[in-house]
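Residues take their numbers from the sequence shown, with the count starting at 1.
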Amino acid sequence: MRMMKFPKRYLIVILTFISTSVCYIERVGFSIAYTVAADDAKVSQSTKGMILSTFYCGYACSQVPGGWVAQKIGGRKVLLISFVLWSSTCALVPLDPSKVVVLVIARLLVGVAQGFIFPSIHTVLAQWVPPHERSRSVSLTMSGMYLGAAAGMLVLPSLVKYRGPQSVFLVEAALGAMWCLLWFKYASDPPRSEHPKATAAGFGESLLPLKANQKMKVENGGLSARTPSIPWKKILLSLPVWAIVVNNFTFHYALYVLMNWLPTYFEQGLQLSLQDMGSSKMLPYCNMVIFSNIGGVVADHLITKRILSVTKIRKLLNTVGFLVAALALMAIPIFRTAGGAIFCSSVALGFLALGRAGFAVNHMDIAPRYAGILMGVSNTAGTFAGIIGVDLTGRLLEAARSANADLSSPETWRTVFYIPGFLCIFSSLVFILFSTGERIFD
């Protein structure tokens with residue numbers, strides 16, 4: 001059906017939002033399904049940890065290559081190929097905990113395939129979305145992650161209970177396939193006429209991959225043939241880039257620590273049952289959806305009305321988000337009730353999501369042509385942050401247990417939540433000092 005009076009870029013943003021939701025349903029779904037299957041098969045905890053972490057190894061390795069490939073052949077194509085690859089893997093691989101090698105290879109493939117997705121999305125959004133709409137577009141797209149995680153945790157355990165663990169794989173593959181059909185039908189590279197007001201701001205045809213023999217107009221009206229090379233040295237030595245990288249690291253450190261260890265804190269730190277908590281344990285992720293979009297709308301409003309410069313807007317939202325999140329993180333061990341812990345974790349994750357309207361959109365501010373590559377670089381740091389944070393937290397708790405400390409004691413958990421809290425304070429200072437909203441890469 002032909003879309004009437006509905007800008008194509010809005011449809012692109014909606015489809016990227018759905019893509020991130022489906023990706024996180026897959027991640028949560030595998031953890032739920034594999035854990036049930038592995039427990040039934042009496043698989044050791046070390047083997048379970050290896051299988052669950054394999055995804056992140058593949059995911060970390062493909063971030064920068066994903067940005068590079070999206071820059072060369074276009075994010076639209078890379079995004080489609082990535083979805084086809086991981087969806088096919090989910091559909092074809094049996095969930096048999098005894099076949100460790102098969103599962104390791106499968107999770108590596110899924111991790112590598114999904115590692116291409118977010119750099120490709122940033123490349124697509126940089127092409128389609130004008131500067132005054134980028135904050136809310138990126139925020140909406142990224143909020144799909146939190147919605148997918150929340151939906152997966154609410155729905156998929158029942159699916160596993162009534163249909164078995166393998167059914168989760170089939171549902172994930174079906175969702176991926178349906179998204180591929182939508183993307184293939186409706187997605188396209190942007191014609192310049194879609195966004196005439198922002199041609200000079202660095203998006204549209206000028207961001208699409210250029211062939212070696214393609215001629216480009218230069219300012220003096222002449223023609224020259226060239227292939228733009230990626231300025232790797234300038235990227236790696238750029239302080240604004242490192243400001244984004246540091247904040248991406250901190251965001252994912254806090255996010256993954258809470259995602260992986262908050263259930264343990266509820267059960268062992270507060271002596272609560274997750275089943276008895278019902279849907280309330282999903283409130284932190286729902287809060288991320290809300291605050292992520294609030295940040296995007298506020299940022300774009302300030303930009304459109306020219307109330308503040310882009311640089312000041314990015315710094316303001318990033319600083320408010322990360323400083324409030326820091327206070328909430330460090331307050332979690334103080335509250336000894338389910339309501340208090342849920343409130344603090346909801347505030348922490350909500351304001352971290354608000355901060356994404358600062359650092360996460362900044363890729364497209366400073367380098368719209370290389371947004372996918374910059375996203376790959378910073379998201380690599382974010383992936384390693386998750387690996388480091390989850391492992392370090394486990395070691396801290398194991399050390400406390402070895403020292404005969406009680407895991408129900410707030411002192412045992414104080415270090416766990418103080419580390420991401422202090423990282424948030426440090427990262428916000430780095431962003432204030434070194435970030436910019438101006439375009440620094442041609």
Side-chain angles (χ1 to χ4, degrees), residues 12-13 16 19-20 23 55-86 108-129 134 137-138 141-142 144-145 183 187 189-190 202-211 227-249 251-252 356 359-386 435 439-442:
I12 295 294
V13 171
T16 56
S19 74
T20 59
C23 284
F55 169 89
Y56 294 101
C57 296
Y59 189 70
C61 292
S62 59
Q63 292 288 319
V64 175
W68 181 80
V69 174
Q71 168 71 19
K72 291 297 181 182
I73 70 173
R76 177 178 61 85
K77 296 177 182 177
V78 175
L79 199 51
L80 180 61
I81 294 171
S82 300
F83 256 79
V84 169
L85 179 58
W86 75 253
L108 275 174
L109 279 174
V110 173
V112 169
Q114 291 202 15
F116 282 75
I117 287 174
F118 286 94
S120 299
I121 286 175
H122 268 63
T123 301
V124 170
L125 294 181
Q127 292 171 346
W128 270 102
V129 181
R134 283 175 179 167
S137 297
V138 172
T141 296
M142 297 306 161
M145 300 187 301
W183 188 251
D189 294 325
F203 73 103
E205 287 182 333
S206 62
L207 299 183
L208 297 177
L210 300 176
K211 298 179 181 180
T227 300
S229 59
I230 300 169
W232 289 110
K233 183 177 180 180
K234 187 176 180 181
I235 288 174
L236 295 176
L237 295 179
S238 170
L239 290 178
V241 170
W242 279 103
I244 296 172
V245 170
V246 169
N247 280 266
N248 204 331
F249 180 94
F251 173 87
H252 285 93
R356 293 202 71 151
F359 80 89
V361 192
N362 204 214
H363 305 85
M364 291 186 284
D365 294 328
I366 66 174
R369 182 185 293 276
Y370 307 110
I373 293 171
L374 263 61
M375 182 60 182
V377 172
S378 68
N379 223 29
T380 299
T383 304
F384 281 117
S435 68
R439 182 173 180 175
I440 61 176
F441 292 93
D442 294 327

Positive for side chain to side chain contact (heavy atoms under 4.5 Å, CB included) with Y59, one of V112, V110, T383, I117 = T383

key: Partners passing side chain to side chain contact (heavy atoms under 4.5 Å, CB included) against T380 (at least two apart in sequence or in another chain)   = Q63, V64, F384

ask   = Under a 4.5 Å cut-off applied to non-hydrogen side-chain atoms, are N362 and N247 in contact?
value = no

ask   = Can you name the ring pair (Phe, Tyr, Trp, His ring centres under 6.0 Å) partners of F249, sequence neighbours left out?
value = none

key: Atom pair CD1 (I121) and OG1 (T20), whose distance is rounded to the nearest 0.5 Å   = 6.0 Å

request  = In sequence, state the C-alpha distance, the side-chain angles, and the governing distance for V13 and W128, and then conclude on side chain to side chain contact (heavy atoms under 4.5 Å, CB included).
outcome  = CA-CA 9 Å; V13 171; W128 270 102; over 6 Å; no

ask   = Does the R134 side chain pair with the main chain of M364, one donor and one acceptor, at a distance under 3.5 Å?
value = yes

inquiry  = Please enumerate all residues that pass ring pair (Phe, Tyr, Trp, His ring centres under 6.0 Å) together with F251, with sequence neighbours excluded.
reply    = F359

key: Least distance between heavy atoms, G58 atom then L108 atom   = N-CD2, 3.8 Å

query = Minimum heavy-atom separation for G115 to S62, with atom names?
reply = CA-OG, 3.1 Å

For A243, all residues meeting side chain to side chain contact (heavy atoms under 4.5 Å, CB included), sequence neighbours excluded = V430, F431, F434, S435

key: Y370 side chain near K234 side chain, heavy-atom distance below 4.5 Å   = no

task = Locate the shortest heavy-atom distance separating V138 from A360; write the atom from each residue and the value.
result = CG1-O, 4.3 Å

note = Rounding to 0.5 Å, atoms CZ (R369) and CZ (F441) come to a distance of 13.0 Å

key: Nearest heavy-atom neighbours spanning G66 and P119   = C-CB, 3.9 Å

query = Hey, does the side chain of T123 reach the backbone of Q71 with a donor-acceptor pair shorter than 3.5 angstrom?
reply = no

query = For W183, what residues pass the side chain to side chain contact (heavy atoms under 4.5 Å, CB included) criterion, not counting sequence neighbours?
reply = I12, L15, T16, R76, L79, L80, V124, W179, A187

inquiry  = So which atom in I366 and which in L374 form the shortest heavy-atom distance, rounded to 0.1 Å?
reply    = CD1-CD2, 3.7 Å

key: F83 and W86 aromatic ring geometry - parallel, tilted or perpendicular at 30°/60° bounds   = tilted

inquiry  = What's the separation between atom SG in C61 and atom OH in Y56, rounded to the nearest 0.5 Å?
reply    = 14.5 Å

query = Out of curiosity, R356 CZ to T141 OG1, how far, rounded to the nearest 0.5 Å?
reply = 10.5 Å

query = With V69, which residues qualify under side chain to side chain contact (heavy atoms under 4.5 Å, CB included), at least two apart?
reply = I73, V78, F116

inquiry  = Quick check: closest heavy atoms across N379 and N248, and the distance to 0.1 Å?
reply    = N-ND2, 3.7 Å

